[in-house]
Amino acid sequence: MAFAHAGTATASKPGRAGMRIPYLLLLPGLLWLLMFFVLPLINLAETSTKTPIAGGETGSYEQTFRLQNYVDAFSENSAQFSRSFIYALLATLLALAISYPLAYAIAFKSGKYKNILLVLVIAPFFTSFLLRTIAWKQILGEEGPVISILRTFHLIGPDTSITATALAVVTGMTYNFLPFMTLPIYASLERIDPRLMEASGDLYANGLTTFRRVTFPLSMPGVVAGTLLTFIPAAGDYVNAQILGNPTTKMIGNVIDSRFFRIVDYPTAAALSFTLMAAILILITVYIRRAGTDELV
Amino acid sequence: MANHPDAAKTGDLKLSSITKSFGDFLAVDDLDLVIPKGSFFALLGPSGCGKTTTLRMIAGLEEPTSGKIYLGDTDLTDTKSYRRPVNTVFQNYALFPHLTIFENVAFGLRRRGIKDVKEPVEKVLALVELAHLRDRKPTQLSGGQQQRIAVARAIVNRPALLLLDEPLGALDLKLRRQMQIELKWIQTEVGITFVHVTHDQEEAMTMADTIAVMNEGRIEQLGSPADLYENPKTAFVANFLGQSNFIKGTVESTSGTDQFVNLQGTRIAIPAARNSSTHKSLLVGIRPEKFRIHNVGDATTGNKLEGGIVTDISFVGVSTQYQVEMPWKQELMIFEQNDGGAPNLRKGDAVTLSWEPHFTFALDGDEDVRSGLAGADAE
């Protein structure tokens, strides 16, 4: 017994040091998160229940734990909230419709051009997000190619324009988040063993059935990742609505932006931010549960 | 669905002048082959010999450059893969990871619009003794279990033809032996024609009734396992199936059914039927286990070679392997059963070798003695 004891005592020494290493490796990340995520979040929560100091200067608030702030913030901006989710949903669906065939073609049909095509998908990212969004203003503008083509084919009347409309906002969001949708779907499709498609054909499934029963279900992890990566930032986006929209296309991001920077109404802006965050969390939790892809990831 | 495989489409599988080229590379070269209905047929060869390409053409996964594929009287050449009454057990099985074992097996039946899949699926799962795993996903199964599901998924469709592409390649040796026996049993049980592609000569010999040895897109030799082993027609076949000693010799005379050959100065007899060459110069082949090793002067019957010196002995349990250097400076390999029949020998001892004439085979003298050796070790 004495021997065994001595043995475990010496053996556990390097073991204990080894146990600490993962935590030491985590430390920088945890500190970073604490400083720049947890503390600001607490600060935000604290701000969200403040009220203006009576007779005080603009921008001076005191803590009164007024939860009614949330009710007010939501009821005053419910239109912008629902618009945000509708636009984000439309942009996500459009991006999915465009990205899936694109990712499919790159993964299975591009041959030696695969890498070039992948670079082309990411290439727009080398220019600024803002510039690309402003460019859409030109593309959709009165002198732009879209309007003139649509007018040539009499698809729209001479007085209809696209700039400063909901359509322009959704188009801009779709475009801006396209790579976030394409790349995860591509990664998922690319990982599928081509023999599974052959096996499906061997088991009497034609091309369409093979896609429905084998390829698409196996690409679900990419679809889920892509839709999340598109929907979440799109729901909180305000740049597209600002540049490509009009006052009736304001999204919740624009409201938060103006509350914070123009009206200096910190509590409402903070309450809106929290509500948005909670809404997105609930939506994606339901979505991931429904998609049930955890076994495939 | 309209793509129900026609039950009438059965009969022998016939490949007629099948050629397949990929760019400049000729994978399958003008191949003619008949695979009888109900047989267990193996395509055996080293990697790159065209066996898998041949299989994929039968499955419809690859289009032949030229030639025709018939099943019975039906021309299948232009039939799409999903309309052929052919199912494949893929290398690494290709089970659908998102479906349960039950749904994997039911896949083919459902695609053919069969309503009641429960009974046939459960029956075939019982046949492969995995009924208890029906609700699992493929990743939760061991390699051997996945292999059996892959077989079940194919045979549940009662295809006219079952293709097996290196089906046991991913299994360890012990499991492979067991699956060889099981596959053979399943084939007898269901009576479907099995076409089995492998580079493993032991696997082919254990399971198949008929083996076609393929090399460079052509069939080198076709026959039963014993026939191919005992009477190979080329050095490639002799080397690919087991080991051989090749000694150069020349035909001296023929009397009746026997031929007499001068083998490095010794006159030996060979049954004429076992000489596949018409040339005077021959390559005489003797399998290592056919040799008997004796102390000098003890050899009694059969062909004899004198003047050997033992250069190496290794004991491998069931047998002892000897290397013997002959007077013409050639090393021969001899396997002796450890049944007390062989003399007690040590390195440097002088020995005489003997063997029964009917264990000899003879090939053209210009055959490459190393043909098939590199290929056998490639995988």
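Chain letters run A, B, ... following the sequence lines, proteins first and then strands; every chain starts at 1.
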Tell me, yes or no, whether the heavy-atom count around A:Y113 atom OH, taken from other residues, nucleotides or ligands under 6.0 Å, exceeds 12. no
Quick check for you: to the nearest 0.5 Å, what is the distance between B:R111 atom CZ and A:N206 atom CG? 9.5 Å
Here the pair of heavy atoms bringing B:N87 nearest to A:D202 is ND2-O, 3.0 Å
Could you check if a side-chain atom of A:M220 sits within less than 4.5 angstrom of a side-chain atom of B:H98, using non-hydrogen atoms only? no
Between B:R153 and chain A, with a heavy-atom cut-off of 4.5 Å, which part of the residue counts as in contact: side chain, backbone, both or neither? both
If you count heavy-atom pairs within less than 4.5 Å of chain B, which of A:L196, A:T210, A:D193 leads? A:L196
Does any backbone or side-chain atom of B:F90 lie under 4.5 Å from a heavy atom of chain A? Answer side chain, backbone, both or neither. side chain
Does atom CG of B:D73 have more than 12 heavy-atom neighbours from other groups under 6.0 Å away? no
Is there a side-chain contact between B:F107 and A:R213, using heavy atoms and a 4.5 Å cut-off? yes
A side-chain contact here means heavy atoms from C-beta on lying under 4.5 Å apart; do B:L99 and A:P217 qualify? no
May I ask you to check whether over 12 heavy atoms, not counting those of B:E189, lie within 6.0 Å of atom CD? yes
Other residues, nucleotides, ligands: >12 heavy atoms within 6.0 Å of A:F211 CZ: yes
Could you check whether atom NZ of A:K114 has more than 12 heavy atoms from other residues, nucleotides or ligands sitting under 6.0 Å from it? yes
For B:K184, does the NZ atom sit with more than 12 other heavy atoms under 6.0 Å from it, leaving out its own atoms? yes
Contacting region of B:L109 [heavy-atom separation from chain A under 4.5 Å]: neither
When rounded to the nearest 0.5 angstrom, what distance separates CZ in B:F96 from CD1 in A:I192? 11.5 Å
Would you indicate whether B:F22, at its atom CZ, is surrounded by more than 12 heavy atoms from other residues, nucleotides or ligands within a distance under 6.0 Å? yes
